[in-house]
Asks: 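Mind looking over this structure? Questions follow.
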2 protein chains.
Amino acid sequence: MPSTVMEDYLKAIYELQTEYNGARVRTSQIADYLGVTAPTATSMFSTLESNDYVEYEKYNGAVLTEAGEQVALRLVRNHRLLETYLTAKFGYRLSDVHDEADRLEHHISDRLVACLADELDDPTTDPHGAPIPTASLDVPDRPRGNQLSAFAEGKTVVVLEVDDRDDGVLEYLSNRQIVPETALTIESVAPFGMVTVSPVGRDESVPLPADVANLVWGASITNSDREGI
Amino acid sequence: MPSTVMEDYLKAIYELQTEYNGARVRTSQIADYLGVTAPTATSMFSTLESNDYVEYEKYNGAVLTEAGEQVALRLVRNHRLLETYLTAKFGYRLSDVHDEADRLEHHISDRLVACLADELDDPTTDPHGAPIPTASLDVPDRPRGNQLSAFAEGKTVVVLEVDDRDDGVLEYLSNRQIVPETALTIESVAPFGMVTVSPVGRDESVPLPADVANLVWGASITNSDREGI
DNA sequence: GCATGGTGTTAGATGGGGCTAACTATTAAT
DNA sequence: ATTAATAGTTAGCCCCATCTAACACCATGC
């Protein structure tokens, strides 16, 4: 059984590894991500290695083993189901769910997680649009679309996912009801990356600085072959 | 902020202190209660003391300070509301709720606890019949009645509380639907303390060994002045 | 192809929470 | 009033996760 601290590292490694398409994760990335010093990350990498949760090669980062991935996926599932539950049942906002879920994900039993999933009818995505691993820890593979900055002006786009890394950004977006499922028209894309969008059905222009627009993923629905989404 | 380990000790001290009507709690009691060795308890008592959570006198146990009591009461509230929620919403049995609540009570935010309370309409007792401290951490003072062994044969008694210390006992009782609110007729009280009861409306005799009968508290309803309960 | 900066690791310390072994108070029994 | 038994504490160790300081690797630029 990994400690909750080890769990945090494993989940962080999973997240970075996923973000960079399976690339090895370096100690410094984790140190940054978790806000610890570099030596702390190094030492945890070797602890994880000696518990067979990662394969670690000095000066060259680590990859999760099967066992390590299972631990991480369980946490991701717990986290995303908790977020979904908090949002659905208690009206938590997108920007609020993260911290609560981050604490509880380590301590909730598989049984209670199963209850949450059941109550929610086995959702496949969380409120940010991120996929929820199944009970057997498979990740439903789901198109994420493209970042808003990638679309041409005039396109209509449905939001598929909103990255949950920055609470400030999430708050900005959820205040303007730009959440998964929202349809947006791309009004303009400025050279320095700012995207202005207009939610379909609302007479409003919302400016999204490049940093924000890059955290919002969507799929075009004007001439797309998957209107079904 | 106390660590979760300190929280466990504070809650344990609170529970023993309450059970013994405010008497000082000795290190050995806590060592037993929490399954740690005596020196560990001693050392934690002085840590708690230097953080002003208890007043500790060597060789003479400790009492909670105001601050220590607040910490303990918050945990008790969290614990009991979690138990109530798990039972009410997910069909947990009396014997199952304890562990889940014991882990989560440390990590759930005040906000989420408030949501649970709200969803449950601010219950005043948990599924074992124990009082739930209010949001401002007052303990509603509620008669607990007497242990079943204290009643005369022939009396009809309504169960007010079932002590949650022993999961085996809880399972035995909840399998037989002897839970708070259940009405029982006392069929016999043997000299060695075994009480045989018959749940009102069921044609069944349930034998309760002394150890079990002492964990069930109730009030007589045959000639009582509080049929209202 | 070698110096140099950056990245990463080793060394050594710290604080929390736990343990065993050894010692000291307290209490009870004669 | 002593002493034996029990209860409680101190001493000293360990492991985990963290830190700072010092050192080693590596990938360049020249």
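Below, chains carry the letters A, B, ... as their sequence lines are ordered, and counting in each starts from 1. We use all heavy atoms of the structure for the numbers below, so side chains are in, but hydrogens, waters and symmetry mates are not.
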Asks: Suppose the criterion is side-chain hydrogen bond (donor to acceptor under 3.5 Å, both in side chains): which pairs have a residue in residues 115-129 of chain B, not counting sequence neighbours?
Replies: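 Qualifying pairs: Glu83(B)-His128(B), Lys89(B)-Glu119(B).
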Asks: Look at the side-chain N and O atoms of Tyr59(A) and state whether any lies under 4.0 Å from the OP1 or OP2 oxygen of dG6(C).
Replies: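 No.
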Asks: Can you measure Leu48(B) atom CG to dG16(C) atom C1' for me and round it to whole angstrom units?
Replies: 13 Å
Asks: Counting only heavy atoms from other residues, nucleotides and ligands, does the tally under 6.0 Å from CG of Asn60(B) exceed 12?
Replies: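 It does: Asn60(B) CG has more than 12 such atoms within range.
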Asks: Does a donor on one side chain sit under 3.5 Å from an acceptor on the other, for Ser188(B) and Glu153(B)?
Replies: no
Asks: Rounded to whole angstrom units, what separation is found between the CG atom of Asn60(B) and the C1' atom of dT24(C)?
Replies: 16 Å
Asks: Can you tell me how far C1' of dG15(C) sits from CG of Asn51(B), to the nearest Å?
Replies: 13 Å
Asks: Under 3.5 Å, is there a donor-acceptor pair linking the side chains of Asp8(B) and His106(B)?
Replies: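 Judged by distance alone, the side chains do pair up.
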Asks: Under 4.0 Å, heavy atom to any atom of DNA chain D: which of residues 27-45 of chain A qualify?
Replies: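 When residues 27-45 of chain A is checked for heavy atoms under 4.0 Å from DNA chain D, the hits, listed by number, are Val36(A), Thr37(A), Pro39(A), Thr40(A), Ser43(A), Met44(A).
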Asks: Kindly write out the residues that satisfy salt bridge (Lys or Arg N to Asp or Glu O under 4.0 Å) with Asp52(B), not counting sequence neighbours, or none if the list is empty.
Replies: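 With neighbours one apart ignored, the set is empty.
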Asks: His79(B): what forms a ring-ring contact (aromatic ring centres under 6.0 Å, His included) with it, not counting sequence neighbours?
Replies: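 By the ring-ring contact (aromatic ring centres under 6.0 Å, His included) rule, His79(B) matches His98(B).
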Asks: With sequence neighbours left out, what residues match Thr40(B) under side-chain contact (heavy atoms from CB on, under 4.5 Å)?
Replies: Tyr9(B), Val36(B), Thr37(B)
Asks: Among all residues two or more places apart in sequence or in another chain, which pass the ring-ring contact (aromatic ring centres under 6.0 Å, His included) test with Tyr53(B)?
Replies: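 Partners of Tyr53(B) by the ring-ring contact (aromatic ring centres under 6.0 Å, His included) criterion come out as none, since no residue qualifies.
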Asks: Between dT10(C) and Lys58(A), is there an OP1 or OP2 to side-chain N/O distance shorter than 4.0 Å?
Replies: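 For Lys58(A), the contact criterion (side-chain N or O under 4.0 Å from OP1 or OP2 of dT10(C)) is met.
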Asks: Return the set of residues passing salt bridge (Lys or Arg N to Asp or Glu O under 4.0 Å) with Asp102(B) (not counting sequence neighbours), or none when no residue passes.
Replies: Lys11(B)
Asks: Among residues 8-22 of chain A, which contact DNA chain D at a heavy-atom distance under 4.0 Å?
Replies: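 Within residues 8-22 of chain A, the residues near DNA chain D are Tyr9(A).
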Asks: For Asp163(A), check salt bridge (Lys or Arg N to Asp or Glu O under 4.0 Å) against everything at least two apart and list the hits.
Replies: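 Counting only residues at least two positions away or on another chain, Asp163(A) forms a salt bridge (Lys or Arg N to Asp or Glu O under 4.0 Å) with Arg144(A), Arg165(A).
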Asks: Would you please name every residue forming a salt bridge (Lys or Arg N to Asp or Glu O under 4.0 Å) with Lys58(B), sequence neighbours left out?
Replies: none
Asks: For Tyr92(A), does its backbone N or O pair with a side-chain atom of Asp96(A) as donor and acceptor, under 3.5 Å?
Replies: no
Asks: For Gln29(B) and Tyr20(B), which I'm curious about, is there any donor-acceptor pair between the side chains at under 3.5 Å?
Replies: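 No, no side-chain donor-acceptor contact under 3.5 Å.
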Asks: Roughly what angle, to 10°, lies between the helix axis at the start of the helix from dG1(C)-dC30(D) to dT30(C)-dA1(D) and the one at its end, five pairs per end?
Replies: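 Between the first-five-pair axis and the last-five-pair axis there is 10°.
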Asks: Going 5' to 3' along DNA chain D, between which two nucleotides do contacts with chain A fall, using a heavy-atom cut-off of 4.0 Å?
Replies: dA17(D) to dC25(D)
